[in-house]
Amino acid sequence: MSYDLHFGPVIRNIAVATDFCPWSERALQHALVLARHFGAVLHILHLVRRAEFSFVPDLMVLLDELAERDFDDLIGRLNASDSLANIEHRCWNIDGEISGVLENFVSDHRIDLMILGTRGRTGISKFLLGSIAQEIFHFVSCPVLTVGPGSRAASRQIQLNKVLFATDLSSESAAVIPYVLKPATIWQAEIDVL
């Protein structure tokens, strides 16, 4: 990742993870706005996690075909609405589990920011089903922006008003400070530290 002494981190590559569900769509809309704002390449990433479908062996053969169909549909809708206008983008259907794929993907494609949509699970459902976002945090070396189900829809103009910086005071947390300060500098955003 590059760093500009006056403006902080330079964002050249943004990855957005999708599973083609509504919460991924909301994250994608935010990713489009950020990619356009920073002139970044947008990497739209879908992991084909075969382990999730091992109990339905007949479906295993169709997973790649279904993922390609869903990607074609998504890109068709984005092109029809001119959402991808002037945004360099790449689509990735990758086989594998989060632990084995994302760390290398972020490194190989020099991803500066990853964006995820979250379902907003809490309580027992989060405990039993886990959190994909939380799993991703453990395997990527870039900052991750999560877009929750209650977040506002993305607009064409970026305006960040509040930033929550959750830290454990580790060196990994300290590496995120330039990303926290950037919104404060550009948009006079309020920063809450937890």
Side-chain angles (χ1 to χ4, degrees), residues 1-4 8-50 52 63-64 67-68 70-79 81 83-120 130-149 151 153-154 156 158 160 163-166 172-173 175-176 178-180 182-183:
M1 171 182 41
S2 301
Y3 192 84
D4 182 305
V10 176
I11 298 174
R12 292 193 174 109
N13 288 284
I14 297 173
V16 61
T18 184
D19 59 3
F20 310 109
C21 292
W23 47 88
S24 294
E25 291 282 332
R26 182 156 287 201
L28 177 59
Q29 295 307 314
H30 284 78
L32 289 164
V33 171
L34 289 168
R36 185 171 284 110
H37 178 80
F38 292 110
V41 176
L42 181 62
H43 299 264
I44 305 170
L45 172 65
H46 175 251
L47 283 181
V48 178
R49 300 174 67 199
R50 294 185 186 280
E52 290 183 348
L63 287 177
D64 293 328
E68 287 297 324
D70 289 344
F71 247 129
D72 290 345
D73 179 57
L74 174 65
I75 298 303
R77 285 185 286 120
L78 292 173
N79 283 328
S81 65
S83 295
L84 288 172
N86 302 317
I87 296 177
E88 184 179 345
H89 64 281
R90 297 186 182 104
C91 298
W92 305 92
N93 261 326
I94 301 175
D95 275 341
E97 295 302 312
I98 291 169
S99 61
V101 173
L102 282 185
E103 184 176 11
N104 290 337
F105 183 86
V106 166
S107 175
D108 293 347
H109 299 285
R110 297 181 178 159
I111 302 300
D112 300 307
L113 176 65
M114 179 165 279
I115 302 175
L116 309 171
T118 63
R119 295 179 191 185
S131 166
I132 300 295
Q134 195 169 19
E135 189 178 346
I136 289 171
F137 296 152
H138 293 287
F139 293 103
V140 298
S141 57
C142 65
V144 178
L145 171 67
T146 58
V147 179
S151 65
R156 290 256 185 217
I158 295 178
L160 297 179
V163 175
L164 174 63
F165 175 43
E172 291 84 1
S173 289
V176 178
Y179 287 89
V180 173
K182 189 167 190 162

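Positions are given from 1 along the sequence. For the numbers below, each heavy atom of this structure counts, side chains included, while hydrogens, waters and symmetry mates do not.
Distance CG/Leu42 to CG/Leu84: 7.5 Å, rounded to 0.5 Å. Taking CG from Asp112 and SG from Cys142, the interatomic distance works out to 7.5 Å, rounded to the nearest 0.5 Å. Taken to the nearest 0.5 Å, the CZ atom of Phe38 stands 7.0 Å off from the CD1 atom of Ile14. Interatomic distance, CG of Asp19 versus CG of Leu45, reported as 11.0 Å (0.5 Å rounding).
Taking the six-membered ring where the residue is Trp, His46 and Phe20 present tilted rings, their angle falling between 30° and 60°.
A 6.0 Å sphere centred on CZ of Arg77 holds more than 12 heavy atoms belonging to other residues, nucleotides or ligands. Around atom CG of Asp108, more than 12 heavy atoms belonging to other residues, nucleotides or ligands sit under 6.0 Å away.
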Check against side-chain contact (heavy atoms from CB on, under 4.5 Å), Asn93 and Asp70: CA-CA 10 Å; Asn93 261 326; Asp70 289 344; over 6 Å; no
Between Leu145 and Leu34, does the side-chain contact (heavy atoms from CB on, under 4.5 Å) criterion hold? Intermediate values first, please. CA-CA 11 Å; Leu145 171 67; Leu34 289 168; 3.8 Å; yes
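Val147 pairs with exactly one of Glu25, His30, Gln29 by the side chain to side chain contact (heavy atoms under 4.5 Å, CB included) rule, that one being His30. When each of Glu88, His43, His109 is checked for a side chain to side chain donor-acceptor pair (under 3.5 Å) with Asn13, only His43 meets the rule.
His89 and Ile87 make their closest contact through ND1-O, 3.2 Å (heavy atoms, listed as atom of the first residue, atom of the second, distance). Closest approach of Ser173 to Ala166, counting heavy atoms only: OG-O, 4.5 Å. Contact between Leu28 and Leu78 at its shortest, heavy atoms only, is CD2-CD1, 3.8 Å. Across Ala27 and Gly117, no two heavy atoms sit closer than the pair CB-N, 3.3 Å.
Not a single donor-acceptor pair under 3.5 Å links the side chain of Thr18 to the backbone N or O of Ser24. No side-chain donor-acceptor contact under 3.5 Å links Ser107 to the backbone of Glu103.
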